[in-house]
Number of protein chains: 2
Amino acid sequence: SHLRFGPDPIKSPYLIDKANFVACHQSSFLDRYEMLSVAEPNGIFLLNSIHSKDEVWNYLPISVQKQIIEKNLRFYVIDAYKIANEIGLGGRINTIMQTCFFALSNVLPKDEAIKEIKKFTEKTYGRKGEKILKMNFEAIDKTLDNLHQVIVPKGVTSNFDLKTSMPEGAPPFVKNAIAKMIIGKGDELPVSAFPSDGTYPTGTTKWEKRNISLEVPVWSPETCIQCGKCVFICPHAVIRAKVYTRDVLKNAPSSFRYTEAKFSQFKDYLYTVQASPEDCTGCKLCHEVCPAKNKQDPKLKAVNMVFKDTILDREKDNWKFFDSIPYLDKDQINGTTVKDIQLLQPLFEFSGACAGCGETPYVKLLTQLFGDRAVMGNATGCSSIYGGNLPTTPYTTNKEGRGPTWSNSLFEDTAEFGLGMRIALDKQYEYALDLIDRLAEDLGKELVFELKNADQKTETGINKQREMVKLLKAKLKGIQKPEAKDLLSLSDSLVKKSVWIIGGDGWAYDIGYGGLDHVLAQGKNVNILVLDTEVYSNTGGQKSKATPIGAIAKFAMGGKASPKKDLAMMAMNYGNVYVARVALGANNAHTIKAFLEAESFEGTSIIIAYSHCTQHGYDMVRGPDQQKAAVMSGYWPLVRYDPRLYDQGKNPFQLDSSKPSIPLQDYIYNETRFKVLTRSNPEVAKKLLEYAQKEVNKRWELYKYWSEMPGPKQEEK
Amino acid sequence: SHLRFGPDPIKSPYLIDKANFVACHQSSFLDRYEMLSVAEPNGIFLLNSIHSKDEVWNYLPISVQKQIIEKNLRFYVIDAYKIANEIGLGGRINTIMQTCFFALSNVLPKDEAIKEIKKFTEKTYGRKGEKILKMNFEAIDKTLDNLHQVIVPKGVTSNFDLKTSMPEGAPPFVKNAIAKMIIGKGDELPVSAFPSDGTYPTGTTKWEKRNISLEVPVWSPETCIQCGKCVFICPHAVIRAKVYTRDVLKNAPSSFRYTEAKFSQFKDYLYTVQASPEDCTGCKLCHEVCPAKNKQDPKLKAVNMVFKDTILDREKDNWKFFDSIPYLDKDQINGTTVKDIQLLQPLFEFSGACAGCGETPYVKLLTQLFGDRAVMGNATGCSSIYGGNLPTTPYTTNKEGRGPTWSNSLFEDTAEFGLGMRIALDKQYEYALDLIDRLAEDLGKELVFELKNADQKTETGINKQREMVKLLKAKLKGIQKPEAKDLLSLSDSLVKKSVWIIGGDGWAYDIGYGGLDHVLAQGKNVNILVLDTEVYSNTGGQKSKATPIGAIAKFAMGGKASPKKDLAMMAMNYGNVYVARVALGANNAHTIKAFLEAESFEGTSIIIAYSHCTQHGYDMVRGPDQQKAAVMSGYWPLVRYDPRLYDQGKNPFQLDSSKPSIPLQDYIYNETRFKVLTRSNPEVAKKLLEYAQKEVNKRWELYKYWSEMPGPKQEEK
Ligand code: SF4
Ligand code: SF4
Ligand code: SF4
Ligand code: SF4
Ligand code: SF4
Ligand code: SF4
């Protein structure tokens, strides 16, 4: 942020390039951005760092040291994370850094400034409750005790400089173009730096190494039960598991951890869980969900957060080695359980989503299961931003070069956009079959038969068809007919594709709903994934029709007074649409089942996925707990509606979660979005809670009743 | 239509103003349009008329006779309606008139022409079945026998001329502006002919007197049981009933028919059913639905179709007198049954909808029940065309000058448009209350109390509030404060308004659905009426998401392969929306109940109304029968969902029609839209019928099961 102060009102908006005060709140940025180039001589530089005033100097890159000395900057350091942690503010350091600013900048006399900050803090946090207010006051007081000036040495002592280059091994485009954009110098790139055909390279987040976490997970093989839950939950695909044969180990670093694999299908294999320390966001979800307790120290689990600085080099080496171990082929893994799925390569990794995001695990799962043949249309929203934000791209490819085809579309037409993808694929497939018939004599009976009758219901079947297509391509090259040329360009369409239409609730419930409903009505084979955060997350928290009763959101600052729209039920009314409502944090297995069923259903499918989000107002590490509470309270009943069951004489509607076992308030009042109202307007909050509870009961009764409906009568089938 | 023929291809599009051949298919147009002004000397004039070649001359207006003589036209006459009727083609005269054209025009040699017509007829009607084809062949043959040249007298003999003026009593705007537009000379109007404030006068269809029917209904008081069904069904508000006291009769024409009123609340009143002969479209629905049989002649009912020419003058007089009898006040009538509702003034009359239209009876009913305080937003479609087509307007006002406020909006935003009307009304009401408080001392305690606490649940309550507002206005005129001026302009907002959002299925199911759903989610007090013809009627029959399986429509020429969207169920999923699915032709009482419940519900309501339509391909006189069949087959279950019932411990969902008693095919195959497919593609037709029947069964089971759900448990209420 750029802030200007002055005795006269400031009217013209511009950015600052001569700053009297420069603050760096996240020390990893120091290595990447040349932030002191804007500092004025004799100005102030404030750094949030875990290093003390006596040690910090040696952790600064050469150019930073140089500028501090040359510009004669006054240099201050504070360990804001430590203070915030001690007080109970978690990772929230804004009050602390703000206090430093006023204490140092002389914008106001110091005492007056502190008074004003407290006043303002009361205004901001007052309605969030006594406890939060007290913590923030404490933060202000503690700040002053922990803010230290650094005695600046006379000369440059560092032996490293700004990271302007990418890790070795990065492809040329990443080194030459993306690297520049990352440090904010994309403007300097010539047009010729970009691919001339307009394509944009994918799989580039892995080169960015944002290094934003203080702590990273380290795995304990002895304690681990190899369940895969840590891998499953990681929103950033940072922590992964692999099984491999013992010979792989011969080039392993000595610090590399492994154990015997406990998988019935992988006898005599080894198993490793490893995180990439430079990509980890420090959200702690992996640790949180780990069910294994260390018997020696019950505070420890099989994956534990460790301060990164102490282990960074070792873990970088371990990751590098781990990364070189090949993934098993998909058809070697029966990808239907969490335990199996941990072994599948994610084709969506290291996205820029908030640390601990509740949406990204679903997207990652999708790419693990179907990414090598997925075609995705993505609505505007968080998922389009973290899915395709310049300069890097989290969607990537496997060793055969296969990965999701992804494109963002408008808020108001993504469902139609995805439907168009399906129709295009179907047309290509149809035309390819037609060409095969026309070239039948040249191709030979057997190949024609195999290509046309391939059973692609399983990974094995799909792989076989891929082999057939390879054969076809080879043959086509030798045929001198125009049809052969056409078929060559279309032959990949013979392998089954999986079309996914993805977006948030703002898209699915509101702006894009007209189109989504239209697509539901068409019955085409597309899969819709709604990442439901119950609010417009990306644009700053406006209410949507997915926002629940009593939640505070923009345009519903007094608490939303109308119920959440039941999109699942509305989709089920079509009768021929596969519908699931899932919550990965509450039931992994149910989520996986829904994804597999949806994809295998030869018609339209929609999955509505509970996604915890920073907009809900609590530490994301508690996301899975909140998902559980949502289900246990009956607020988020897990359901599946499978039209195939009807023809089997069964009720297509399945209620997959149990009778509510906790009152709604035990779920909602863990979240600031609801809790705030109990303070700002307790009376309304009470009424809305009652209303919301009544709605939960009503809906539950209806679901229950419906789930008990007998299957169709046989004579009517 | 303007047709050009020539030996060379005609490339430039323009209208014809020098015609060698002029045909008038509808003789009532002769009086209104100066059609012979474009005829070339020595050309041909063909007239479809019920008068013979020897009589017809005297039925021509002066200017027509004059032009025939002066231009030396060859004049031919044919009674096409008679031929069509005898053969069984009903009112369809197109084949006959086309044959005349080719027989007379010399575009082709006559014999060749007849051969070509038969060929073309086979192509057009072949797939509609042997019977229809035969009828058309017969029409061609009979035409030549019945086409006669008229011996044109030497001089003009007529004593009447073109009707360029409006009936006496018409207001100046109708006389000066609308009259010109009706005869196609609107271009000649100066800007000053229009109201300077941009308002457009309403209630003007009644001056148009289109005279398009050959037959009109005549009522038999002796046979009538006063049920009101004829009045209820009339799509054009042409046939009406009134009760009145005996003294009213003193100025009645001697031919005026009446009888003792059989209404428990109207002792010693008389009763008359009367149609306006010049506004009747001849759709015969009134006769069709009349349940009373004449004991002497069982072919006759209490309302019978009679050739208009023989009774026109008498019935015009009768209508004029009938029209002068005042309607009773709404609060004298308990408008909850068909019998009562016949006595309510329709505030929507003589619209230009197709003869026998299935939509307009719903709109008329709405205006009878709530028109004096209705505010309506109307989506683009048939209802916006017949609702507000220049130059005349069917929405009208009662004797107090109250009638619907009506506006058309875009296809894609009408629900939102109507919601805006509601919000505006609520704001006005709120501000008016605020002003009343501020002026409390000037207005006096009692008036303030009455105005603020008015119970407007009944017509009596509403009338009382209107009186109070009158008092208020009188008082305000004497108060010299700015608030008084404001309140004066807002005081009408103190009377309860009824907001209606209206449109067809193209709007509600497709293009406007995103907004409709958004409005359903808001819970505001608006009423939505969906006139469901299951197809885009107004634009020529494109399929919508309301189109059923197996029906042929544009974009579904092979029969629609996916089920109709269940909009009612989708709306019910909100839980707090009143929902009804009705079919006026199948159950009048149910329809009325739904309208009353919807309007009285203080939240959002939606009514989905089965509307037979010419697009369905059968004579509209069978519309009510088809509505019955739709319900009896289980295709169109009548339902109501009333959220108020939940709080009474009851199941809000009510299934109001009985178990299917006829197979689906007994309903659908009465309609060309379905039947066509059995000829063009019998195999597909069979499959789609099976599919459709299965869907009907499936949905019925679900409805049935849901309707049997017990009410909410008491402790959970
Ligand atoms: S802390 Fe978060 S980002 Fe890092 S490995 Fe664990 S789950 Fe993934
Ligand atoms: S969650 Fe814990 S026990 Fe399970 S695989 Fe990860 S580290 Fe091992
Ligand atoms: S705002 Fe919410 S949904 Fe968006 S990236 Fe952050 S946590 Fe995920
Ligand atoms: S024939 Fe049709 S338009 Fe005429 S009065 Fe009867 S119902 Fe109305
Ligand atoms: S429908 Fe027949 S019986 Fe009923 S009011 Fe009309 S004319 Fe009389
Ligand atoms: S097309 Fe159908 S809905 Fe439209 S006016 Fe004609 S009958 Fe009525």
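Throughout, a chain's letter reflects where its sequence line sits, starting with A, and its residues are numbered from 1.
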Is [Y] close to [X] at the side-chain level, that is, under 4.5 Å between some pair of heavy atoms?
X	Y	answer
B:V696	B:S633	no
A:Y509	B:D517	no
A:P652	A:P643	no
B:Y691	B:P563	yes
B:P637	B:L655	yes

Members of residues 546-558 of chain A whose heavy atoms come closer than 4.5 Å to chain B: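 Heavy-atom contacts from residues 546-558 of chain A to chain B are absent.
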Out of [options], which one racks up the most heavy-atom pairs below 4.5 Å with chain A?
options	answer
B:H518, B:Q693, B:M709, B:E695	B:M709
B:E708, B:K564, B:Q522	B:E708
B:E412, B:M570, B:M569, B:M572	B:M570

Between atom CD1 of B:I606 and atom CG of B:L516, what is the distance when rounded to the nearest 0.5 Å?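 If I round to the nearest 0.5 Å, the distance is 4.5 Å.
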Trace of the side-chain contact (heavy atoms from CB on, under 4.5 Å) decision for A:V499 with A:N525: CA-CA 8 Å; A:V499 175; A:N525 190 2; over 6 Å; no
What part of [X] lies closer than 4.5 angstrom to a heavy atom of chain A: side chain, backbone, both or neither?
X	answer
B:K565	both
B:E690	neither
B:K698	both
B:L702	both

Strictly by modelled atom types, are A:Y703 and A:D566 linked by a side-chain donor-acceptor pair under 3.5 Å?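 Present: a donor and an acceptor within the cut-off.
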Would you call the rings of B:Y536 and B:F411 parallel, tilted or perpendicular if under 30° counts as parallel and over 60° as perpendicular?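 Answer is perpendicular, since the angle exceeds 60°.
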Between B:F653 and B:Y641, how do the two ring planes meet: parallel, tilted or perpendicular, split at 30° and 60°?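 Tilted, since the angle between the ring planes falls between 30° and 60°.
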Using non-hydrogen atoms only, which part of A:Y513 is less than 4.5 Å away from chain B: side chain, backbone, both, or neither?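 Only the side chain of A:Y513 comes within 4.5 Å of chain B.
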